[in-house]
Amino acid sequence: MPVFPPPTPCALNSTSSPARDLFDAIPHRNAKPVPCRRRTRRHGGRTTISSSSPTLSAARDRIADDPTPRLFSALFKAASSASPSMGAQLHAQAVVRGFLDDAGSIILPTAILNFYASCREPDLARRVFDAMACTNAVTWNALIKGYAQAGRREEALELFLAMRRQSHVAPDRYTFPALLSGIGREQGGGCMQELGGAVHGQAIKSGLNRDPFVGASLVSMYAARGALDEVKVVFDDVDTLDPVVWSSLISAYVNCKEEEGALLTFYRMLCRDIKPRQFVYSSMFAVCGSMSMLEMGRQVHAHSLKSNTDKDAAMTNALLTMYSDCGCIRDALRVFNSNDIVDVVSYNSIILALGQHGHPKEATELYRQMNCAGLMPDDVTLLNLLSAFNHAGLVHEGLHIFNSMLDMEGIKPTYQHYACVADMLARSGQIGEAMKTIYEMPFEAEAPLWRIILGACSKHRDIRTGTKIAEMLFEMEPYEATNYILLGNIYTRLGRWTEAEKVRNMMEKRGIDRDDAFSWIEISQRTHRFGVDDRSHPISREIYRNLDRLIGSIKVAGYVPDISFAAHNIKKDRREESLHYHCEKLAFAFGDLATPSGDTLRIMKNLRVCGDCHCAYKYFSLITGREIILRDNHRFHHFNKGACSCGDYW
DNA sequence: TTAGGGTTAG
């Protein structure tokens, strides 16, 4: 069975030609429906399922009886979410029927203009606009939005300026959201950012900055560029308790990685009796997931249930991801299985989660289930599936998926797909094949990908390739500490401590500091953070005593410290001792003291788990009888009865 | 005849 079967043509857009009569294109109302695969398509950031919508069906049923310009307008509105080709045929019909001959008519041409704008065809919208005898703010707004949402921001801005020059139409509360929806997404700064500020100035001048719709758009624009101070100024100017403005502020904090600000805003919102809706809950689930705040996440989940908020796919997908990010894959699966609004993102999210938690078989099964349910996988689905195989070292399965992408029409591999395959090959020890993939891919390899290969060289002690890649990385990113640490690690793995020391000296000479490692654990809604050899915790003395006891016990059980994971600058006689007080071991020792015996512990680390700690955790799970779930910056490790879910492959 | 905010990957 092919992995990416081409979609079966849907009844509404099959083999259409502009000359074909509209009524031929519409299936007879009593005709047996042609089976069609559900395909998700993005319109203005929302996912819709293109099939015969009730609105379109109703209008289609009426058109044979009463073909009026007003009915055509309704049809255009329905067609924008169903089929672009249908809209083009409707346009032809409107011309043939003479509905566009009336120079004073504005409603039907505006509906057509809107249709082309919403289909991301701003040039066609412009042709309709230019042919209109009279225009008003509505037509200008629709055209500006068409260009902005198609990513043609300069043209949208030029139209905005042209609109201002017209004496009979002034920008209104619809104009600014239309324009800002494009500017906010502009990357890389430069003149568009300045223009964003100028547009804000125009909004202030016209007094429209107080309008909640304009305010929400301005918040979103500034948030997209990380300008949190400006976000706060805009928010304070909006004189409303409108829930969407609050929602925009919360997502602004999330975009700017200010999770605590998002949490505080959520509390402020509740204190003012503003009822959160799906958007707010989605953002809050993302916050709790990224910070691994399980108890907080459960409370927000309970709040959403109590508030009787209507669930939608995005909110449920965010909830699923929150549970997965907090180490609760079973809860994530429960959310997925009890979800009656499943879309492509739901499957992508659960496939990703299963892969991160080391369940490639279940991820593959859900991929099959997704196809059976008639949902078309997209590039993210395949990336997540590849990633699941990568985590598990299933190279053969991963290459099968990737080669299918290369051989068949459908989803073309992106840079991320190639990078994932190179990572998978290198991680499994096939470093030569990984290099071949990188040299043959139709993209230029970026530093993070080379760093992944360097990490694999460290794992497989490939000093020759490793040094070459490290030299290249030192030129590309002379101040990136990780590159030096990875090269140093290759030397220490091989016991070449002198060369490891030289790498460290090179770092010092260039004034490069390494990222400090830290681990944290949430107990009773309080987060306890530990650095390496950290003695700042109020019960530090007890934690160290417990850790020494635990280390003694696991040594009896068979644990042997691996000093090749000691830091390069530690003296020979202190290497073993230094391993004992790594941050993840301290976090475990604290969790073991602070929770009842046998409880599951969930621990997070900002960097990759150390190999010696990984080994120690297996023994910790054996001697304490606890399940330990460790999230590092790459994946989850579930330790139970002396084994890890990753099978020691990571 | 027109509008703002949220979810997966990197």
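Residue numbers start from 1 in every chain, and the chains themselves are labelled A, B, ... in the order their sequence lines are given, proteins ahead of strands.
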For this session: Go through dG6(B), dG4(B), dT7(B) for me and flag the one nearest to the D242(A) side chain.
Result: dG4(B)
Exercise. To the nearest angstrom, how far is F279(A) atom CZ from dA3(B) atom P?
Worked result: 14 Å
Exercise. Is the base of dG5(B) touched by the side chain of S247(A) through a donor-acceptor pair closer than 3.5 angstrom?
Worked result: yes
For this session: Return the nearest nucleotide to the side chain of L352(A); candidates are dG6(B), dG4(B), dT8(B).
Result: dT8(B)
Problem set entry | Short N-O contact, R334(A) and D331(A), less than 4.0 angstrom | yes
For this session: Could you go through the ring-ring contact (aromatic ring centres under 6.0 Å, His included) check for F160(A) and W140(A) one step at a time?
Result: CA-CA 8 Å; F160(A) 172 73; W140(A) 279 94; 10.0 Å; no
Problem set entry | Minimum-distance nucleotide (side-chain atoms of Y174(A) versus dT2(B), dT1(B), dG4(B)) | dT2(B)
Exercise. Quick one: which of dT8(B), dG4(B), dG5(B) gets closest to the side chain of S251(A)?
Worked result: dG5(B)
Problem set entry | Test side-chain hydrogen bond (donor to acceptor under 3.5 Å, both in side chains) applied to S206(A) - qualifying residues, sequence neighbours left out | none
For this session: Please state whether the base of dT1(B) and the side chain of T110(A) form at least one donor-acceptor pair under 3.5 Å?
Result: yes
Exercise. Heavy atoms under 4.0 Å, any strand shown: does S73(A) hit a base, just sugar-phosphate, or nothing?
Worked result: nothing
Exercise. Does D211(A) get its side chain close enough to the base of dG4(B), under 3.5 Å, for a donor-acceptor pair?
Worked result: no
Exercise. Out of dG10(B), dG4(B), dG6(B), which has the shortest distance to the side chain of D312(A)?
Worked result: dG6(B)
Problem set entry | Whole-Å distance separating the CD1 atom of I250(A) from the P atom of dG4(B) | 19 Å
Problem set entry | Gap between atoms CZ and P, on F213(A) and dT2(B) respectively (whole Å) | 13 Å
Exercise. More than 12 foreign heavy atoms under 6.0 Å from CZ of R268(A): is that the case here?
Worked result: yes
Seminar exercise, completed: Looking only at dG6(B), dG4(B), dA3(B), the nucleotide nearest the P212(A) side chain is dG4(B)
Seminar exercise, completed: Among dA9(B), dT1(B), dT7(B), the one nearest any side-chain atom of A318(A) is dT7(B)
For this session: Send over the distance from N633(A) CG to dG10(B) P, rounded to a whole Å.
Result: 12 Å
For this session: Please identify each residue that fulfils side-chain hydrogen bond (donor to acceptor under 3.5 Å, both in side chains) with H357(A), with sequence neighbours left out.
Result: S324(A), H638(A)
For this session: Could you tell me whether Q278(A) contacts a base, only the sugar-phosphate backbone, or nothing, with contacts defined as non-hydrogen atoms closer than 4.0 Å?
Result: base
Problem set entry | Nucleotide of dG10(B), dT2(B), dG5(B) approaching S248(A) most closely (side-chain heavy atoms) | dG5(B)
Exercise. Given atom CG of D310(A) and atom P of dT7(B), what is their separation to the nearest angstrom?
Worked result: 19 Å
Problem set entry | Intermediate values then yes/no, ring-ring contact (aromatic ring centres under 6.0 Å, His included), H200(A) and Y222(A) | CA-CA 10 Å; H200(A) 182 192; Y222(A) 282 122; 5.4 Å; yes
For this session: Check if the side chain of N317(A) and the base of dG6(B) share a donor-acceptor pair of N or O atoms closer than 3.5 Å.
Result: no
For this session: Using a heavy-atom cut-off of under 4.0 Å over every strand shown, decide if N141(A) touches base, sugar-phosphate, or nothing.
Result: base
For this session: Report which part of the nucleic acid V219(A) touches: base, sugar-phosphate, or nothing (heavy-atom distance under 4.0 Å, all strands).
Result: nothing
Exercise. What nucleic acid atoms does D172(A) come within less than 4.0 Å of, heavy atoms only: base, sugar-phosphate, or nothing?
Worked result: nothing
For this session: Using whole Å, report how far CZ of R277(A) lies from C1' of dG6(B).
Result: 12 Å
Problem set entry | L354(A) CG - dA9(B) C1' separation (whole Å) | 15 Å
For this session: Between dA3(B), dG4(B), dT7(B), spot the one nearest the side chain of Q149(A), thanks.
Result: dG4(B)
Problem set entry | Minimal non-hydrogen separation, H91(A) against F76(A), with atom names | N-CZ, 3.5 Å
For this session: Give the rounded distance in Å between these two atoms: CG of D379(A) and P of dG10(B).
Result: 12 Å
Problem set entry | V380(A) side chain, from C-beta outward: closest of dA9(B), dG4(B), dG6(B) | dA9(B)
